[in-house]
Structures are given as C-alpha cells and as structure tokens.
**Student:** 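One structure follows; several queries about it will come next.
When a ligand or atom number is given, it counts from 1 through the structure's own listing order. This structure is a prediction, so every number in the text was calculated from the model and none was measured.
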Amino acid sequence: MAADARVTGQKEASYHLPPVDSVIPAGQNFTIHHLRCLDVKIHLGFYLFPHIFHTLFTTLKSSTYVLIQDRNVAGIYGQALQQAWETATQGMEKQPRLLTYTLPPGEMTKSRQVKEEIEDWMLEQGCVRDTVLIAFGGGVIGDLSGFVAATFMRGIKYVQVPTTLLAMVDSAVGGKTAIDTPHGKNLVGAFYQPQYIFIDAGLLRTLPEREFSNGMAEVVKTAAIWDAADFAKLESEYAAIRSAVLDREAQQSATQGRHSSDRTIAQDLLLDVIRGSVGVKSHIVTIDEKETGLRNLVNFGHSIGHAIEAVLTPEILHGECISIGMILEAELSRRLSSFAQVNIGRLTKVLKAYNLPVSVTDPRIASLDKARELTTQRILQIMRVDKKNVGDTKKIVLLAEIGRCHEEKATAVHDDVIRRVLAPQVRVMPVIQEAAASSTPARLSTPGSKSISNRALVLAALAKGTTKLRNLLHSDDTAVMMTGLGQLKAAEFQWEEGGEVVVVNGRGGALVTPPTGTEIYLQNAGTAARFMATVVALAKDAEGKGRPTVITGNARMKQRPIAPLVEALRSNGVQIQHPEQDGFLPLAVSGEQGFRGGRIELAASISSQYVSSILLCAPLAKDEDVVLELVGGKVISQPYIDMTIAMMRDFGAKVERLADPSTGQPTDTYRIARGGYTSPGAYDVESDASSATYPLALAAITGSGVVVEKIGSSSLQGDARFATDVLAPMGCKVTQTPTETQVLGPSGGALHQFESGDVDMEPMTDAFLTAAVLLAVAGPNPESGAKSTRIRGIANQRVKECNRIQAMMDQLAKFGVKTVEHEDGLEVFGMDRSQLKTGVSVHCYDDHRVAMAFSILAAVVPGREGTVLEEKRCVEKTWPNWWDDLETKLAGAVQGVDGDLLDHHAAATSSTAASSSLLTTPLSKLDNSQTPRVYPNDATIFIIGMRGSGKTHLGQVAARALSRTFLDADVLFEEKHGVLGEFVKAHGWPGFRKAEAELLADLIRSRGTGCVISLGGGVVEGEANRALLKAYANKQGPVVHTVRDLAEIAAFLSTSDRPAWGEPMEDVWQRRKPWFAECSSHELVNLASVSGLANKANGATPNENAGALDASSSAAISIAPARNQEAQVSAFFRFISGQDTNHVDIAAQSIDGQVRPSYLLTLTFPDLIPALPLLDEISTGSDALELRVDLLSPTGAAPKEPAVPPKEYVALQLTALRQRTSLPIVFTVRTKSQGGLFPDNAQDEYFSLVQLALRMGVEYLDVEIQWPTVALEALRAQKGRTQILASYHDWTGKLNWASTDTWSHYERAVKYGDVPKLVGKANTMQDNWDLETFRLKAAKAHPSKPLLAINMGSLGQASRILNTTLSLVTHEAMPFPGAPGQMSVAQVQRARHLLGLMPQKRFFLFGSPIAHSLSPCLHNTAHQALGHPHVYERFEATEVTQQLKELIRSNGFGGASVTIPLKVAIMAEMDELTPVATIIGAVNTVIPVRDQSGKLRLIGDNTDWMAIHSLCKQHLPGATTSNAAPLTSLVIGAGGSARAALYAAYRLGSQRIFLYNRTLSKAQELAQSLPKEWNIVVLDSLDAAELVEAKPRAIISNVPADGTSLSATSGAGVILPSTLLQGRGGVAVDMSYKPHKTPLLELVDKTNNEAATATLSASDAGSTGRWTAVPGLTILLEQGCQQFKLWTGREAPRALVERECWAEYVK
Ligand SMILES: NC(=O)c1ccc[n+]([C@@H]2O[C@H](COP(=O)([O-])OP(=O)(O)OC[C@H]3O[C@@H](n4cnc5c(N)ncnc54)[C@H](O)[C@@H]3O)[C@@H](O)[C@H]2O)c1
C-alpha cells in the first residue's frame, strides 16, 4: 500500500511543467499550460480561438469540422468563432468545411432524439470517418457531442472546448459521455476520450454568475478531498477569483491575458485554480479511468447531494445541491472520522463566499414548494436506489481533514448515522445510569470561550513570533476577526493537527492598509468591531498616500454605538471619519498620525469593549506610554477588563492599575508600557464556561463523573463558578484546580434543592437554564426541607434568543414540572424523576441553551421512548458538535427523528400541535411582543398602557364605534373595594395586585364579549395579571396597548388632578415596556394631531411640486377629508374586531358589469408628514396606499444605502398617514435584492417591522415568499385580520412566465398569501403575452385568490394595464416611482379606454335653469383627473321629454343628476326607487345598472340628504351616540330640499326635529306627510321658548339667502334671532350658495367671536362650544362627489374638484 499512499494528494505529473508560448502564423502569442489526462492533451489559457484552430489544422487535419453548440453560446461567440475560422483558413490551399449545428440550451437536449437528429444531419452533410467534431459548450453539449463522436461511424475524433466552469474542471475531463433517458440521467453512454481539451478561461466572462458558482462547487470539492493548499487559496482569494471574470473591467477585454506578460493577478489566480482542479481530476482518471475505486473520491458531497438534486432539479443546479451535500457529508465525517468542527466552518464559509447554498433552509431552496418533499426518509430512499449501496448502509466519502479523505475510497455508513445528521430534530435517549456511574470520569474540553478567543487572536497577531492557539472557538465572530486581521496583513494563519491548532504568525504590529476599495467587513460581530477600531489605527498605507482603512458591518452593526471609543482615539490624534452616521460604523481610520500614546480619557460606562480595544493596542503606541483613564461613572463589566489585562500580561505586556495615593485603593486609571508583545509560543484558550455547565450537569444528574479541561478556579468567566456555587450546594462533589473542573454526581443522581430555597445567579445568568433542569428533579433539601429553589438575578434572560424564563416554564411544564415566575427569576419545584412525563417533544425556540439544557434532563426521563428536541441545529451557535460529543464523549444516546428537513414544526409530532407552536413562534427574535390572532368578532377588547396614555378616552371612542359597553377597571375596582389609595394602605401592594388579578380574571370570565375595558396603568406589574392578559391575547380576544409620547403624557398629567408618579416616569416606562408588548396583541399610537409635526418637520412646503397643489384659495368650501382622531381610532377598532376590515373589494364590478380594476399607489416619500397635504390629490383614483417602509428615513432624505428605519419612526408615519386617509394601507418592506432599500440579511429586523404592522392593524402586508417557510407559516397563523400580499419579484429579468419555476413561486404565494403577487420584467412583448396566459391559468387554478401579476420596465407597461388587481401606480408628485414602468391611475385608465376595456359614457344634468350649475365642472374635472373618457353635459328641460326618455335608455348613458323642476316627474321613468328616494319623495340621481347579459335597469336615488348628513356628522363628533346628550335639530324652510334635510336630521339620530317655515301651514303639511317617528315639531317662530331651551346643535336652512336676514328691519321673510346659536356649539348648514356668506353663516362667525371674548374674560373654558358653518357650495360639492362615486365606484379628487369649482364660482 506504500505506493498507494502516495496516490492521493498528487496531481497529474504534467501539472508541474512550466507553460509554453504558442505563436501562430497570424502573429499572436499565447501562453499555454499543458496538462495530460491519459493521452488527452489539455491546453489552458485565455482567449484561445486562434490557437485552437491553428492546433487543429496542424495536428488534426480534416476536410470537415463539425461544431456543436447551444443557442446561448452561439449567440455570444458565433461571430467571433466565424472570424477566427476565416482568419485561420485564409490562404489555405484546400479550404476545410466548418459545419455548425446549434441546439436549444438545457438538459433536455441531452436526449436520444437530439442525438439522432445530429447524426442524420451529419450523414446528410456527407460527413465521413475523418470528420472532426468540436463540442463547444457546457456539460450538456460536451456529454452529448462526445457520445455522438463515440458512435458515429464507430467513432470519430473530437475535441472539447468547455465553456462553463463545471465543464472545464469536471465534465470535459475524463471521457465520460452520455445522454439521458426517461429512466434517469446519463444512463446511456460511453467512456470515450477526446483528442484535445481546450480550456479557454476567457469564455467564463460571459457565464452567468450562478453558473460560475455552480462550477466552483466542484472546484471546492476537489480541493477539499485532495489539496489543503489549493483549499486555502480558494478561501483567501475568493474575491480575486470572482473578480477575474465578474468584474466590469474583466468583462470588457477580449484579449487581455493571452500572454502571461499581460495577465492580471486575478486572471493568473483563476487559471491556477482551474488548472489545480483539472490536475487532480486528470491524475485520478489516469489511475482509475473506469471508476473502480479511487475515482469514487470525487463523489464527496455527491451521495447526499445527488439525492437532494433528484428532488430539486431543475430549479436548483447540480453544484448547489452538491454544496449542501458536502456540508452534510462533512458532518458525517465529524461524527465518524474526527473531521474537526473548524473544518466544517471553513468549508461552509468558502462555499458561501462563492454564493452557494449550504443548507436546505437557504431561501433559494426553502421558497420552493418541492423543498417540502425533502424528508429524511425520501433522501435515504433515493440513496438506496444507487447501485453502490446495499442494505441499510450507504457509501459515502468521508474526510479526515481538509485535503485528505478518511479512506481512499467511499466508506459504508449506517442509515442511523445519516438520519442523525439529516434530521432537523433529535431524540435523546435516557442514559443507563448504572453504567454511567461505574465508569471512570469522562474527560473533555468544551469549545473555547468567545471573549478569550477574540482577545487571543488580536494579541497573537500583534505579537512578534508564532503563537499556536489551541481550543480557539470557531464561530462567525472569530472568523470575521481573522479575516480582518488577515486583510491588514497583521498576521498569517495556518492550521495544524487537522485544524485543532491555529498557527498565528504575528508581524509585531506592522500593519498595512488594505488596497483601495477594500473595506474590512465585520458583519454583526460587536467584539471584532470594537477591537478593530483601534487596531486599524496601527496600519500604514504602503504607498505612502495616507489612505484610511475603512471598517464596516451589517445593518445591525451599523446601529450599535461606538462614539465614546472614537472620541477617545480622536483626542489622541487618530484621524477618524464617519462616512455615514456620526458615532456609528463605518469608520474610516487613518494610521498616518498613528496611535501616539500618552494620556487618554475614555467613557467606560457603556461597554468594556472600548476599554479592551485601547488596552490591546496600547503597548504598540508610537511615542509614549499610554495612561488610560476611565471616566463617566461606574465602569461596566470590570471582569472583562481584568481578562484583557491578564491576557496582555501573558503576551509580555506591562500593565499597571494605578492606586489612589491617598487611600491606596485601585483607581480606574491604567498605565501600559510601550514595547509591543512577544508570543508565549503556545496559548490555550480557556473553555467556554457556560458550555461547560452542560457536561458537568450531566455528571450531576446521572451520578457519574466528568472532568472539563481548560477551565478551573483561575478562570475569569463568571459561569466558571457554576460547579462550586450551584452543583456543590445541590449535593455534588466538586474539585477544581486552576485549570480543570471535576464534578462527581451524587449516587443515583440524588440531587437536592438549595438549603435556603434560593440562589442568586446574577454572576452567571446564562447558566440558569442548566440549573433549572437540575432543580426539576432535585429532592427536598435535607437540612431545611426546601422543596423548591428560587433562581434570582436573571431578569435579563427574558430578552435573550427568546424569553428564556417563559421558555423554561413552558417546556418544563411538558414534563410535569411546576414552576413559578418571579420578576427577577424563576422558582422550580423538584419532582421525583420517575414521575416525569415521557414522550415529550421540546420546542427549543431556536435557542442553543434551551436545547442543551433539555438534553441533560432527557438523560433521566424514564422509559425507552426518549425525548425529542426540535431544532437540533440551534446548538451550532456555541457548540456545533454537541450532539456528537454527547454521544461519543459523554455516553449519551442520540437518534435522528425522521421528518421534513426544512421545517421542524411540521415534524413536531407529539405534545405540541403544529398549529399551536406556530401561534407562539416569535416572528422576530428582537422583541417578544405578541401578534394578533383572528378572534371572535364580539370578543371584548382590553386596553392597557401607561397612565395618561389615553386608555379611557380611546376606549370610549372604541365603544361608540362598535356600539359596545365601555368599562373602566379602575372605576370597577373602587366600586368594589373603595378608594384605591386607601386599599393599598390597608393591604399593601401585594394585596392590591391580588385583588386586581381577581378582578381581571372575573372580567375575562363574565364580560368576555361585547365590551371595551380599559385597565389600570400598573396592571402589567403583577405576574398573575400578565399571565391572564397573555393567555387572553393568545386565544380569546384583542388586548390593545395604547402608546403615547412620554413628554405628552407628562404634559397631560400635569394638568390633571391625579397623583404624581412615585418614581421617574422614564424608569417606569422602561420597566413596563416589554410587559406591555408581551401582554398585548395590538398597539395604537395616541397622537393628537400630526399637523404640529408637519410644521416641525420642514416648513410648509412639502416638496417642490407641492405649491402647485395647494388648494388654500378654496379652503372656505373645503370638503377635503379632514380625518379627525375619532374617525381614525374608530376605524382601527372596527378593523381589529372584524366589523369593517376596510379591505378593497377586489372582485367588484363597475355598474356596467365590467371588471373594476383596483389601484395601489406606492408612496415613496422618506418622510410622509410634510407630504400629507398632497395626499388627497396624489391618491386620486387609488383604492389603497402602499407605505414603502424601506424608503422611510428619519433624516427626511431618501436613503441611499440599505438601512433599517427605526420602529418608532415607522409607527409614527403609519399613524400620521391614517390621520389623513381612510384608504387601506399596504405595509411593504422591500429588501435590496427585491429592488428596495432594506438590508437583505436583516431577517430579524424585517420581521420585527412586520410584527409592528400586524400589531397596528394594517389592512395589508406585503411579504416576500423567499423568507423561510417557518417564518411564513408563523406569519400565516399570526396575522389577525391583516391580509397578506405574498410577493415574488425577479430583478434579473429572467423570470419566464411559462416555466415550472414561476408556477411553483405562484403556488407558494397562493399558500401564504391572500393576494399572490408576482413581478417579472418584460424584455420583449412576448413576455407580456406569456404573462396573460399565466393569468388565465392562475384564475382557473385558484379562482378565489385574486392575482397581482405584472412585468416591470417600459415594455412591461402593457401588463400593468391589463392587471386588474391592485395595480401599482404612481403620481407625478411622488419623489420617484416605486418601480420602473409605474404609471399613474389616469395613464392606466386612458390606456384601458384605448384598448376598448373602458368605453366612453355620457352623463347628464336634467332640469332648469341649469346654465350656471357647477356640476359639469365638477364631474368633468374628476373624470379627466382619473383618465376616464366620459363626459358630463347639461340638458336643459322643464319636463320629461321623449328625447330625455330616449337618452336615459341609450347605450352610452352613464347616469344623470336631476334638479328642479324634474325631481318628482322623473320618478315615473325609473325601474326601481331606493327606499330613501321613496321616503324623501324625490329623485336627484339616476343610476343605470346593467347585468351580465347587458340588460339595463334605471335606479332612482336621492343623494341630497347624504351630503347634509355626512358634513353634520363630521362636525359633530361624538354628539350622535348613546353616551352623548340627546341631539335636537332645526330645519328652516319647508320648500326646496326640506325633505332631504329632515331625513338627514333624522339619520343623525335627532331626538326631536324642529321645523320652521314662514308660512306655517306649509310646514304643517310637510310634517304631516312624514313618518311619525321622525318626531317633527313645527314652530311658529324662531324665538319660541321651546326652541331656545332645546338648544339645537344641527341647523339646516333651505331658504334662499335673500329670504333671510339678521336684522328685523331688513324686511326679509325669515329673521334669524341671535339666540339661535346658543348652547354647546354645533353645525349650521345653509343650502343656499349665492352669495357665499349668507346671513346664517354670518351669524355663526358673530356667535363664535362673542363666545371667544366671553371665554377670555370669564376664564371658564369648555362651557361654550364653537359653531361650524357649512356653506351651500360645500354641500353641493359633497353631493356631487357622492354621485360620482355611485356612478363610477371611485372617489372624486376632492381638492382638485374644489379648486376648479371655486374658480368657476367666483368667475
Ligand atoms: N461527463 C461528466 O463527467 C460530467 C460531469 C459533471 C456533469 N456532467 C453533465 O454536465 C451537464 C451540466 O453541465 P453545465 O453545468 O455546463 O450545463 P450546461 O451545458 O447546460 O450549461 C449551463 C448554461 O450556461 C450556458 N453557457 C454555457 N457556457 C456559457 C458561456 N461561456 N457564457 C454564457 N453562457 C454559457 C448554457 O447555454 C446553459 O444555459 C449535465 O448534463 C451533467 O450530467 C457530466
């Protein structure tokens, strides 16, 4: 075997030969690398066409060359090839023939049929045995052409010119040729070697990026099995390798790199990488051509990868599946062949760097419906079919280390092990205790501590000499740190002992600024960012230009503060710029002035990492010793500072903590001597103390022994005290040396509770979960008898990966363990382990600590069922090989659980039903606020919030809006228990909280439906109350949290007589905030008015276009929808109770039976508040508004870089928008890759905003379907009444509407959305026709789900016109359109008209005299603004003529307004009268309705009353409900529209309606003719005592203006007495509109002025209300707008209409 041993790790001998120059007759000079595979000659270089033809003509002479290619390649290279051919054949005596055959691209081409076609064609062309075939293309063309060559005339010569990376490094090399059959891929073929393989790396520049990555998967694989050095190159140089072909510059040149003298470094690298890979494959093929043993090694990653591919093809490419396969097979290697975890990390990182997926949860895969088919069973079943596999083992290539396989062949692996690796969840079996107890203590070290690892890396890099770091933690954080240090050339890193040891060759602080354009990207690694900020100040620009080094991070990192550190460094002369935001990353740090040293002051109350950052670099200061003084209050986390100093000393630095000379006490000032660091040679990173708690706890619970190495009494980590402070008091024997900890559990694991029943875990909060599972099975304390232990000091654990206290309570309860929650912790009651419930499935909340803690408890659960731990992979955060170590080092038994690889929830079998866990899955880990469910419509609504946040007021509004009873719990409490203060005095706070909880429980029980109940501000302080509210919001009904600005609350409370707060309000708020969030399903921002904010924002002009839209001149008649807070709040409550969800009626048809398209206007403002005045106009014609949250920015300037807008800002914007509009809102957060400006990698932040939207009750939410299925499932369960627009956008321009891919996106969108939304891009008109075909197919497949589907781009506009569901539109006044190709409503509608989809209609005004009517102006303005082709005309008539009768029955008739004298006469012509028209006895609106068959019906309606009613209602908020004082109204005049006015007054809820007319009898007559219940009281005088006493609040005058007067001497028919408008204020409507200011309206002004003066002198606010005047013109316009809506189904643009009509009026 000695010879064999040298077989691996080698490359084909020719690989080592130097390149040669090839000069062709035309004069070009190529540098060619020659390789051999068997006898096949391989030539590698750049831009080789001339060289290829020259070589063929000189060494493979033939009369006929046949070139086979696919259409894509032909399109790109056809011409260049032809040219090269012509040049090469120029002057040849006998011109050879070049025959070209072009095929469709794709795997389908690799078929028998196509092979036949080619053969028949070649025979027709007279090809004979000397024909030379050229396979020009990717693997498809190569495999197919090779097989044609193998059989044509029993084999002809051929050459491969691979054009994809995959073909270059894999398929073209080795001589395997094949076609596919319906039975499977590559089933018919031959081993048939080409003569040449020409690898022209220049061809890669046109290869789509995804295909490049596809090939890189094979390159990475080859390096992983064969060559560690190649692998390291791929790791460190990926940017350069990619840039060699993907850079714009690289894309442009078509010759650069032919000769080695003008190759770029990147080109050299790329060629090197390809050559390395080909060298390996050639070597292996040469030794084992027919795949009998060694050649199997190239199948690393393929056994599992192929099975995944079988499910996911064709959507997911081969290399992408292999990439995932490699990670899974590496995990098998970790379990079976000691492949180190660090290497899995390296493999993962390098694959990710080439943009390959590394797990099936990758959004590219998870978003496919077929990904759901990926179950453990299915994968094992597919693998079983492989002929290499027998029985229940599978052949898999295992790695021993990077670059070396475990065996020189594939290894047989048992299915159980594979299942363990594949399964998303594990089953932990009980440990056999006797066996465990009798064995010698297990020994292990846990992964290194993160804090120590990061420090060790910096110290080793800055030190002189080589440091071997052992036990370094391999996590994202340390990887980022290493990459950053590498970029600065601070050190070189190598791996030894299979990756166990990291060798750091430090350069003693000689750091170099990275090349221009290279930033140091630190992801979200906080420690790295802080440490690096000072480290980069040591770097020098090698070119001496003084360039700064830029460090940056992801969106979240950019929000984490760094200002104190920057300040301190600046004060020391370091030049630091903030390219984006002051005080936050990115930083541009110039090392020119260097880090001088001397005295530095640093504020150290925020983060100890600032301190460590300066300390670590201090020994390298340029000029003086550093004296670091920590200022600004209490220094935070002193232990971490001590840790840094201790480690600095290990690396030879001198650090002194100065003492106060007077007291001798240590101060917060440190002196650090200059002189740099020296390597200690080797450095052992301490084990992570929190991780160490698990193996130690296992010893404790099973009564066995465990020794954890590299952590002991000298440790600086708080959790290192777990053994002595927690395990020892519970009955374990603990022995600790400075560097080791041993625990021997009590016999039989007989642990007991703490003597005091109490343990403070504040110094080691992360370890509380471990303690909790031990306490769960601990017996009573033998001394004190305590049966439980209360863990204190762990309140912060509520805001970790999940609410860990809640998580422990919920999961322990599944085992039957009793717990009680406390404000600062958790009390656990011990139980007999034999009584633990069995068969439990533990939900881990994706939290590593929950998973590891419960795997300890699982070890002692009785029975043989085992305990399932869902989400096994969550341990990867700190201990990726936990499950392996549990099994191999700690004698645990772990099995895989069959199930869905993607979704642990669906697979969760037993105790947690899938649906209920989805209901509790947090949408975002950032906060634990609840989200709404769909509750019963009549469920009582509870309101919680800070005192003074408006609970009572808003609750009353809600009760009015929903016609419910309002209850105030504080009032109920006092009714029951007397005055609150007294009660507290008598019973103390605990007594009060108890009584409060009883009341709450009682309310939930007895008033669970039909109420709105506001609760006291402190209700969430009580644990029991919180539990009740949480459970209520979780299942029964809405709990609304009212949020109000603290300053406003303070101002409000200062005016109230309620007692002041006992502590600062800010403190109270901070404490309660998370409680309010977790107890409520909704939140409502109490914002009195945004107008003040608008003024604050930036003056009056919202943007440049705004001036043109300002309608101030017509303000006097305004009907613009001023939405008061009451309307907004009412709408919110109607939404959450389901009374009116305000959704767009997408299925609606217009009155003529046509589809009525709905429009969605995209708002792209960075700040909506200044733009609100524009809203009415820009939303003309829109049915809903899309709030693009990703475009919001508190700076008011459009964001340029992806950023996360602050939540509070988003909430404010949403509230402001609602105050202005009643249109439904679509809440959209569009990520960068979806064409928006939200960071792609901020899933938590994304869902945190989604959560906010759901809580605020938005009508629609747009969510991208690429998010993981788990998240989408959870969202579907927690969206309340919000509807989801499930969207898929393709920005690559490649979406093919006819593909199965697109259909599967659609199916996913249907599954998770109420409205599926698909957006592609049109490159040709055909794309639009394809879309329409798709639309028809979709309508058949899912008729109940309206589809929003469009193509972007200008060509895509056709699809926007044809789409009828929420078509996205823009408006000229918007800063920019939401997407390329967006049009305005008017543009779309005009286009629809031109396409014949909206025929022109004629509208009329009937009556006389009508010459001066404003109606034509109103309607025509509105039609035009909306892009309607319709016209509105005057038709003067005093009677219903024949012509009129014909008109209203004619085809194009759209509707008519009817005025005097025809209002009654027209009634006979109607087919139907509305009940209102019947009651009023007049028709003013004719509506033609056509049914599907086109049959016409004319409906007579009366809208006169509507305008009066709605304007009165608008100006009398709250006056018309049961809670308010009874309303009385007055109608003046019995003619004209008196009937409509009386009806309006009745509908307002008036208890009594007074009617006055100059001629009494006419009034009496009218009153007689109307229903009794209207309660009309006829007056003979406007001075009547009855009237004065009743104080009517709604007054409507029908008398022509010149018939009224304020002066008794005027001689007018009706004199309006000054007593008319007394009382509490109200609204006065004058139906007459000439002149504008009528006597009644004058009286309003007069009354208001007098009231104001009176109030000032009497200082008696509130007793006199104001009156609102509604002029006749306003009524007229309102009425016209209502008609417009009845006819067209759309709102008229009120502001515009107002302006135009006013101009016409004053003419
Ligand atoms: N024979 C073997 O040993 C072996 C090994 C691995 C894979 N294969 C086979 O290879 C095939 C896959 O090969 P592939 O990944 O090269 O696929 P492919 O041939 O289908 O090419 C991928 C895509 O890239 C396009 N393309 C090719 N070169 C381009 C260029 N330079 N610029 C722009 N576009 C370009 C193609 O038109 C195609 O759309 C499969 O059929 C597989 O079975 C064979």
**Student:** Which is it for Asn186 and ligand 1 at heavy atoms under 4.0 Å: side chain, backbone, both or neither?
**Tutor:** side chain

**Student:** Would you mind listing which atoms of ligand 1 come within a distance below 4.0 Å of any non-hydrogen atom of Asn72?
**Tutor:** 36 (C), 37 (O), 39 (O)

**Student:** Among all protein heavy atoms, pick the one closest to atom 28 (N) of ligand 1 and tell me residue, atom and distance.
**Tutor:** Thr163 OG1, 2.7 Å

**Student:** Answer with yes or no whether Pro208 contacts ligand 1, where contact means a heavy atom under 4.0 Å from a ligand atom.
**Tutor:** yes

**Student:** Under 4.0 Å, heavy-atom basis, I'd like to know which part of Thr206 is in contact with ligand 1: side chain, backbone, both or neither.
**Tutor:** both

**Student:** Pick out which of Val350, Val219, Ile225, Thr222 makes a side-chain contact (heavy atoms from CB on, under 4.5 Å) with Phe231.
**Tutor:** Val350

**Student:** One thing to verify: whether Asp288 and Lys409 come together as a salt bridge, which I'm taking to mean a side-chain N less than 4.0 angstrom from a carboxylate O.
**Tutor:** no

**Student:** Could you work out, for atom 43 (O) of ligand 1, the closest of His318, Glu211, Lys110 by heavy-atom distance?
**Tutor:** Lys110

**Student:** Side chain or backbone of Val73 under 4.0 Å from ligand 1, or both, or neither, by non-hydrogen atoms?
**Tutor:** side chain

**Student:** Side chains of Lys1294 and Asn1323: do they bring a donor and an acceptor to under 3.5 Å?
**Tutor:** no

**Student:** Tell me: protein heavy atom nearest atom 21 (O) of ligand 1, and distance?
**Tutor:** Thr164 CG2, 3.6 Å

**Student:** Which protein non-hydrogen atom lies closest to atom 9 (C) of ligand 1, naming both residue and atom, and how far is it?
**Tutor:** Asp143 OD2, 3.4 Å

**Student:** Salt bridge check: are Lys281 and Glu218 linked by an N-O gap of less than 4.0 Å?
**Tutor:** no

**Student:** Would you call the rings of Tyr1306 and Trp1303 parallel, tilted or perpendicular if under 30° counts as parallel and over 60° as perpendicular?
**Tutor:** tilted

**Student:** Under 4.0 Å from a heavy atom of Glu107: give me the atoms of ligand 1 that qualify, with their elements.
**Tutor:** 40 (C), 41 (O)

**Student:** If we ignore hydrogens and angles and just use 3.5 Å, is the side chain of Tyr77 paired with the main-chain N or O of Phe136 as donor and acceptor?
**Tutor:** no

**Student:** Can an N or O of Asp70 be found at a distance shorter than 3.5 Å from an N or O of ligand 1?
**Tutor:** yes

**Student:** What atoms in ligand 1 come closer than 4.0 Å to a heavy atom of Lys176?
**Tutor:** 1 (N), 3 (O)

**Student:** Quick check: Ile141 and ligand 1, any N/O pair under 3.5 Å apart?
**Tutor:** no

**Student:** Does Arg275 qualify as a cation-pi partner of Tyr15, given the criterion of NZ or CZ under 6.0 Å from the six-membered ring centre and within 45 degrees of its axis?
**Tutor:** yes

**Student:** Please enumerate all residues that pass salt bridge (charged side-chain N to carboxylate O under 4.0 Å, His left out) together with Lys370, with sequence neighbours excluded.
**Tutor:** Glu315

**Student:** Could you tell me whether the side chains of Lys115 and Thr151 share a donor-acceptor contact shorter than 3.5 Å?
**Tutor:** yes

**Student:** Checking contacts here: is it the side chain or the backbone of Lys185 that comes within 4.0 Å of ligand 1, counting heavy atoms only? Could be both or neither.
**Tutor:** side chain

**Student:** Give the atom numbers and elements of ligand 1 that come within less than 4.0 Å of a heavy atom of Asn214.
**Tutor:** 15 (O)

**Student:** Look only at interatomic distance and state if Ile76 has a nitrogen or oxygen under 3.5 Å from any nitrogen or oxygen of ligand 1.
**Tutor:** no

**Student:** Which option out of Pro162, Ser171, Gly215 puts a heavy atom nearest to atom 4 (C) of ligand 1?
**Tutor:** Ser171

**Student:** For atom 20 (O) of ligand 1, grab the closest protein heavy atom and report residue, atom and distance to one decimal in Å.
**Tutor:** Val140 CG2, 3.3 Å

**Student:** Does the side chain of His43 pick up a donor-acceptor pair with the side chain of His33 at under 3.5 Å?
**Tutor:** no

**Student:** Can you find an N/O atom of Asp170 closer than 3.5 Å to an N/O atom of ligand 1?
**Tutor:** no

**Student:** Give the residue, atom name and distance (to 0.1 Å) of the protein heavy atom nearest atom 29 (C) of ligand 1.
**Tutor:** Leu207 CD1, 3.5 Å

**Student:** If you count the non-hydrogen atoms of other residues, nucleotides and ligands that lie under 6.0 Å from CG in Leu38, is the total more than 12?
**Tutor:** yes

**Student:** Closest non-hydrogen protein atom to atom 15 (O) of ligand 1, residue and atom name please, with distance?
**Tutor:** Leu166 CD2, 3.3 Å

**Student:** Report the relative orientation of the aromatic rings in Tyr65 and Phe57; use parallel for angles under 30°, tilted for 30 to 60°, perpendicular for over 60°.
**Tutor:** perpendicular

**Student:** Would one find more than 12 heavy atoms of other residues, nucleotides or ligands at under 6.0 Å from atom CG of Asp120?
**Tutor:** yes

**Student:** Give me the nearest non-hydrogen protein atom to atom 17 (O) of ligand 1 as residue plus atom name, then the distance to 0.1 Å.
**Tutor:** Gly139 N, 4.0 Å

